[in-house]
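When a residue number appears, it is its place in the shown sequence, counting from 1.
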Amino acid sequence: MRSKFDQELEILNKEMVKMGALCETAIAMATKAIEVNEKSLMDDISVISTQIEQKEREIESLCMKLILRQQPVAKDLRTISSALKMVTDMQRIGHQSADVMDIIIKGNIYSSDDTLHIKDMAIATIKMVTESIDAFINKDIETAKKVMAYDDVVDDYFTKIRKTLAEKFSKPNTDVEYALNILLIAKYFERIGDHAVNISNWVLFSITGQREGE
């Protein structure tokens with residue numbers, strides 16, 4: 001019985017990795033729109049977003065089967081319940097990445113000095129998502145904590161963008177709508193970083209039974 005349970009837990013791990021990879025693709029795709037501002041990209045990210053939602057449902061179903069059929073002990077139950085919480089954050093990452101691309105396409109955002117830190121934020125959030133899932137798979141407390149600490153990097157980028165845009169607002173003939181769109185994109189990436197922190201916090205719970213700050 002335990003061997004069967006371990007096999008199904010391994011399947012859960014693999015599905016979590018697949019969902020994490022889809023989230024990384026969504027973030028990267030959204031950022032790509034700054035370089036290649038084409039409406040066809042909206043169709044591409046819509047497909048990825050749908051795949052993320054489907055993966056969320058598959059993982060939720062797998063987790064419920066594990067709980068109902070296998071009656072896991074406390075530690076295993078924490079792992080499964082944490083996965084259920086994590087996929088909610090991952091699904092939101094997919095949606096928010098699609099929202100970012102929508103703003104880029106409709107707002108005609110293009111690569112410039114104004115978007116340099118946007119790209120940096122995207123790279124940082126991809127790193128956070130990747131390492132938070134790795135921490136879950138490997139039951140790695142230190143990696144989970146590093147992801148949570150790395151959120152400061154994303155927050156610093158957001159602060160830089162906000163200050164840069166504030167300076168622009170003080171100048172005449174500023175395209176206010178364009179500047180606000182860049183600020184909104186940065187805010188979305190900040191939220192994606194927050195979701196990665198949530199994922200890492202659930203990793204800690206799955207291992208220790210406690211979330212950071214509790």
Side-chain angles (χ1 to χ4, degrees), residues 5-28 30 48-100 121-122 124-155 187-214:
F5 182 73
D6 287 341
Q7 289 174 7
E8 291 183 340
L9 275 182
E10 183 60 28
I11 292 172
L12 173 60
N13 286 344
K14 289 179 180 178
E15 294 304 304
M16 293 291 286
V17 170
K18 290 177 183 177
M19 189 172 181
L22 287 170
C23 289
E24 294 161 24
T25 299
I27 298 168
I48 295 295
S49 183
T50 299
Q51 291 174 342
I52 289 172
E53 290 178 356
Q54 177 62 32
K55 189 61 65 180
E56 179 190 24
R57 290 191 290 271
E58 290 173 1
I59 291 173
E60 286 175 342
S61 177
L62 176 58
C63 287
M64 294 310 297
K65 288 176 182 177
L66 281 167
I67 292 171
L68 295 174
R69 291 179 183 175
Q70 304 295 345
Q71 298 180 337
V73 296
K75 185 177 181 180
D76 292 327
L77 183 59
R78 287 202 309 270
T79 297
I80 297 166
S81 61
S82 295
L84 284 168
K85 296 290 188 179
M86 291 164 66
V87 294
T88 299
D89 280 296
M90 291 160 72
Q91 185 261 357
R92 288 173 181 166
I93 288 171
H95 268 301
Q96 289 170 355
S97 297
D99 288 340
V100 166
M121 286 184 82
T125 55
I126 289 173
K127 172 183 170 68
M128 291 175 71
V129 172
T130 301
E131 293 185 358
S132 62
I133 301 301
D134 287 346
F136 176 75
I137 302 304
N138 298 318
K139 302 187 185 305
D140 187 338
I141 292 175
E142 290 306 312
T143 296
K145 288 184 176 180
K146 285 179 181 178
V147 171
M148 297 170 75
Y150 198 75
D151 191 47
D152 289 342
V153 173
V154 175
D155 290 342
K187 189 63 181 177
Y188 269 116
F189 277 121
E190 184 188 41
R191 289 175 183 170
I192 290 172
D194 290 341
H195 286 305
V197 169
N198 286 344
I199 292 169
S200 295
N201 226 333
W202 285 114
V203 172
L204 292 182
F205 176 79
S206 71
I207 300 169
T208 68
Q210 282 191 313
R211 285 161 55 84
E212 189 92 334
E214 292 182 348

Q: How far apart are the closest heavy atoms of Ile80 and Pro72, and which atoms are they?
A: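 In terms of heavy atoms, the two residues are closest at CD1-CG, 3.9 Å.
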Q: About how many Å separate CE of Met86 and OG of Ser81, when rounded to the nearest 0.5 Å?
A: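 The distance works out to 11.0 Å.
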Q: Could you tell me the separation between the OG atom of Ser206 and the CG atom of Asp76, rounded to the nearest 0.5 Å?
A: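 These two atoms lie 10.5 Å from each other.
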Q: Side chains of Thr130 and Lys127, heavy atoms from C-beta outward: is any pair under 4.5 Å?
A: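 No, too far: nothing below the 4.5 Å cut-off.
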Q: Looking at every heavy atom in both Cys63 and Ala83, which two are closest together, and how far apart are they?
A: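 Reported closest heavy-atom pair: SG-CB, 4.1 Å.
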Q: Could you measure the distance from the CZ atom of Phe136 to the CG atom of Leu12? Nearest 0.5 Å is fine.
A: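 Going from CZ on Phe136 over to CG on Leu12, the span is 5.0 Å.
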Q: Is any side-chain heavy atom of His195 closer than 4.5 Å to one of Met128?
A: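 No, too far: nothing below the 4.5 Å cut-off.
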Q: Can you tell me how far CE of Met16 sits from OG1 of Thr79, rounded to the nearest 0.5 angstrom?
A: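 Those atoms lie 10.5 Å apart.
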Q: Are any non-hydrogen side-chain atoms of Leu204 and Ser200 less than 4.5 angstrom apart?
A: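 No; the side chains remain at least 4.5 Å from each other.
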Q: Is any side-chain heavy atom of Ile133 closer than 4.5 Å to a side-chain heavy atom of Met90?
A: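 When only atoms from C-beta onward are counted, Met90 and Ile133 do touch, with a gap below 4.5 Å.
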Q: Trp202 versus Leu84: any side-chain heavy-atom pair under 4.5 Å?
A: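 Result no, sub-4.5 Å side-chain heavy-atom pair not found.
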Q: So which heavy atom on Ala26 is nearest to which on Ile52, and how close?
A: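 For Ala26 and Ile52, the tightest heavy-atom pair comes out as CB-CD1, 4.3 Å.
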Q: Identify the heavy atoms of Asn201 and Glu212 that sit nearest to each other, and give their distance.
A: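 Closest approach of Asn201 to Glu212: OD1-N, 2.6 Å.
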Q: Nearest heavy-atom pair of Gly193 and Thr125: which atoms, and what distance?
A: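 Scanning both residues completely, I find the closest heavy atoms to be N-CG2, 3.9 Å.
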Q: Would you give the length of the straight line joining atom OG of Ser82 to atom CD1 of Ile199, rounded to the nearest 0.5 angstrom?
A: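 Answer for the OG-CD1 pair, Ser82 versus Ile199, is 11.5 Å.
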Q: Please lay out, stage by stage, how Thr88 and Arg92 fare under the test side chain to side chain contact (heavy atoms under 4.5 Å, CB included).
A: CA-CA 6 Å; Thr88 299; Arg92 288 173 181 166; 3.8 Å; yes
Q: Using modelled atom types and a 3.5 Å cut-off, is there a donor and acceptor pairing between side-chain atoms of Ser61 and backbone atoms of Glu58?
A: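 No, Ser61 side chain to Glu58 backbone: no donor-acceptor pair under 3.5 Å.
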Q: If we ignore hydrogens and angles and just use 3.5 Å, is the side chain of Asn13 paired with the main-chain N or O of Ile137 as donor and acceptor?
A: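 No; judged by distance alone, with no hydrogens or angles, the pair does not exist.
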Q: Flag the pair Asp151 / Glu190 as yes when at least one side-chain heavy-atom distance between them is below 4.5 Å, and no otherwise.
A: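 No - every pair of side-chain heavy atoms lies 4.5 Å or more apart.
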Q: Is the shortest side-chain heavy-atom distance between Val100 and Phe189 below 4.5 Å?
A: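 Side chain of Val100 against side chain of Phe189, heavy atoms only: contact under 4.5 Å found.
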Q: Is there side-chain contact between Val147 and Val203, with heavy atoms separated by less than 4.5 Å?
A: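 Val147 vs Val203: side chains apart.
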Q: Please list, chain by chain and in numerical order, all residues satisfying side-chain hydrogen bond (donor to acceptor under 3.5 Å, both in side chains) with Asp140, sequence neighbours excluded.
A: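 Result, side-chain hydrogen bond (donor to acceptor under 3.5 Å, both in side chains) vs Asp140: Thr143.
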Q: Could you give all pairs that pass the salt bridge (charged side-chain N to carboxylate O under 4.0 Å, His left out) test and reach residues 14-27, with sequence neighbours left out?
A: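 Those involving residues 14-27 are Glu15-Lys18, Glu15-Lys55.
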Q: Just verifying a value: how many Å separate Met121 CE and Asp155 CG, rounded to the nearest 0.5 Å?
A: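 Rounded to the nearest 0.5 Å, the CE-CG separation comes out at 7.5 Å.
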